[in-house]
Amino acid sequence: MPKVNDLRSFLQVLEGNNQLVRIEKPVSLHHELANVLATLERKDGPAAIFTTAGDQGIPVVGSALASHERIALALGCKKEEIVDALGAAIANPIPPRYATAPLCQEVIMKGEEVDLYRLPIPFHAQGDAGPFITGGVTFSKDPATGRGNCSYQRMQLKGRNKLGIMINEWRHLRGFLAFAEKQNQPLPIAVAIGLDPAIMIAAGIRTERDEIEIAGGIRGEPIEIARGATVDINVPARAEIVVEGRIIPGVRESEGPLAEFTGHYGALWDCPVFEVTAICHRREPIFQTIVPGSFEHVNLGNVLPREPILRQFVRHVAPQVSVVHLTPYSGGFMAVAALEKDNPGQPKNVALAALASHVNIRICIVVDPDINIFVPSEVLFALSTRVDWKEDVFLVPHAQGHELDLTGDERGVQTKIGIDATLVKGRRKEYHQRVVYPEVDLGTYIQAQK
């Protein structure tokens, strides 16, 4: 298997594992591309690379990290080992190193050459305000300390060299901007598009370290970086595309709406403005997008950054928890934990710990180890056959949740729920052995018919 160190090598790995489809048919950037990707995700299909998307002549990749199968390939581990791999990377960060010949700067466009319309930026959902860069990672640094940071911000295309940028209040980047604006200074940033998945996964983790070091921990070696062509910001040297520029101090413009991870459209916001000073890219670059509200969006924003913390919390009260999962099909609001219990009260303790591990988690279901928590039908089977709704469910009213969760008020206050979906012997009918059919390789049967 090829060594993964950038988007191109990752695509080779996906293709070698039947997790990538090449779409040669011309596809419109105006909704059609996103519709195809969303359909593939709903059918548990592969990632896709569109060789003819729009008129820019640049291929577009989507859904690269929409499934745990592909995330495992990105991390070089089994699906059940993802949380272990991320936990080890967080605990053992590796600082980056400078590249001698950064591939991301094979082509550099500055000044009047800058034209964002040359990039195949998709118009994703029907209710979106326009084309958005959604798959880019923002690289910045603390103007007070110089510490680097990488994170996700959506960016609305507003002109040849202008993007609207939404920055949540709790982001480090918001603090950096506040500091710069107090000095009436612009804040330099760079947006890298088309990356080693290790960087994309690390960018979703909030830490007081530079997240590029966590990406190095994932890879087990330093990530190669380069100084920006027009900004004093370090960027991944093997990125496909880097958009450089500055956030203008004191300027706010209307931005949005955009489809959110909750499955609903967000509100209209007054957001900062990103003025672009350079577009750098590799020869024959590849653009990468994330469909807003998709499994990939939820995985990178809600699932992967938080599963290690979730497991830490639940294992504190029950070390026998074998595996945990924040389900992407719930927007990351539901946690599932598999427990080999030795006390009938343990499942509720585990659920309480899960609900306390992050404000986003609104539901926790605790199941037996025979349930595959990564398969929705298995979780539903446990709910349907092992829960006495009078005895096995508890509510936590007036708890803090996410502000975008529509079940809560404007500040996210809501009711949370814990569910014990484990077998209880002696209190009810005895359970017979569960029917399980061994999985077979269908390809051998299909080939045999030819």
Side-chain angles (χ1 to χ4, degrees), residues 6-7 29 53-60 98-123 129-141 143 146 148-151 153-167 173 176-177 180-181 183-195 224-255 271-289:
D6 59 9
L7 176 62
L29 295 172
D55 303 320
Q56 291 83 356
I58 298 175
V60 179
Y98 283 100
T100 55
L103 296 173
C104 67
Q105 295 175 354
E106 289 179 325
V107 178
I108 300 175
M109 295 176 287
K110 303 178 184 178
E112 293 301 316
E113 292 183 302
V114 171
D115 186 359
L116 291 166
Y117 292 104
R118 293 182 181 179
L119 301 179
I121 304 174
F123 197 132
F132 278 81
I133 294 175
T134 55
V137 172
T138 302
F139 286 79
S140 60
K141 67 179 180 180
N149 178 263
C150 54
S151 59
Q153 279 78 36
R154 72 190 202 193
M155 298 185 186
Q156 183 179 350
L157 177 61
K158 292 199 164 193
R160 178 185 62 83
N161 65 342
K162 180 180 175 183
L163 293 159
I165 175 171
M166 181 185 177
I167 310 173
L173 185 63
F176 301 168
L177 178 59
E181 288 189 320
Q183 319 299 320
N184 197 31
Q185 295 293 318
L187 181 70
I189 64 170
V191 181
I193 303 167
L195 298 168
E224 288 192 329
I225 58 173
R227 193 63 51 87
T230 60
V231 294
D232 185 19
I233 298 292
N234 292 328
V235 298
R238 301 181 70 90
E240 294 290 328
I241 301 166
V242 177
V243 178
E244 301 179 3
R246 57 186 191 166
I247 301 177
I248 305 171
V251 176
R252 300 291 187 272
E253 290 184 1
S254 177
E255 186 269 357
C271 289
V273 172
F274 176 26
E275 183 180 74
V276 178
T277 56
I279 298 175
C280 309
H281 61 79
R282 297 173 70 155
R283 295 187 182 92
E284 299 182 354
I286 302 170
F287 190 88
Q288 187 170 9
T289 193

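Count residues from 1 along the sequence.
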Would you mind reporting whether D232 and R227 have side-chain heavy atoms less than 4.5 Å apart? yes
Within the structure provided, determine whether P186 and I248 are in side-chain contact (heavy-atom separation under 4.5 Å). no
To the nearest 0.5 Å, atom CE of M109 lies from atom SG of C280 at 8.0 Å
Closer than 3.5 angstrom, by distance alone: can the side chain of Q156 be matched with the main-chain N or O of E255 as a donor-acceptor pair? no
Closest heavy-atom pair, P102 versus A99, reported as atoms and distance to 0.1 Å, is CD-O, 4.1 Å
Considering all heavy atoms, the nearest G136-V191 contact: CA-CG1, 3.9 Å
Looking at CD1 of I286 and CG of L7, how far apart are the two atoms once the value is rounded to the nearest 0.5 Å? 5.0 Å
With a sphere of 6.0 Å drawn around CD of E112, does it hold more than 12 non-hydrogen atoms of other residues, nucleotides or ligands? no
Once side-chain contact (heavy atoms from CB on, under 4.5 Å) is applied, do any residues pair with P120, and if so which ones, sequence neighbours excluded? L29, Q56, I58, V60, F287
Between I247 and I165, which heavy-atom pair has the shortest distance, and what is it? CD1-CD1, 4.3 Å
Does L103 offer a backbone N or O that forms a donor-acceptor pair with the side chain of R238 under 3.5 Å? no
About how many Å separate CG of L116 and NZ of K162, when rounded to the nearest 0.5 Å? 12.0 Å
Decide yes or no for L119 and L157: does some side-chain heavy atom of the first lie under 4.5 Å from some side-chain heavy atom of the second? no
Specify the closest pair of heavy atoms between I241 and I279, including all atoms of both residues, with the distance to one decimal. CG2-CG2, 4.4 Å
Residue pair M155 / V276, side-chain heavy-atom distance below 4.5 Å: no
Do R160 and V114 have side chains that approach each other closer than 4.5 Å (heavy atoms only, starting at C-beta)? yes
Might you point out which heavy atoms bring C150 and V137 nearest each other, and give the distance in Å? CB-CG1, 3.6 Å
Say whether, by atom type as modelled, one donor and one acceptor occur between the side chain of E106 and the main chain of R283 under 3.5 angstrom. yes
Are L173 and L187 close enough that some pair of their side-chain heavy atoms sits under 4.5 Å apart? yes
For the pair E240 (side chain) and P285 (backbone), establish whether a donor and an acceptor sit closer than 3.5 Å, ignoring hydrogens and angles. no
Apply side chain to side chain contact (heavy atoms under 4.5 Å, CB included) to Q153 and L163, showing your working. CA-CA 11 Å; Q153 279 78 36; L163 293 159; over 6 Å; no
Spatial distance of atom CG (D55) from atom CZ (R118) [nearest 0.5 Å]: 14.5 Å
Any non-hydrogen side-chain atom of N234 less than 4.5 Å from a side-chain atom of Y98? yes
What one should report as the nearest heavy-atom pair of E244 and F274 is C-CZ, 3.8 Å
Measuring from F176:CZ to I189:CD1, what's the distance to the nearest 0.5 Å? 11.5 Å
Just wondering, do R246 and V231 contact through their side chains at under 4.5 Å, heavy atoms? no
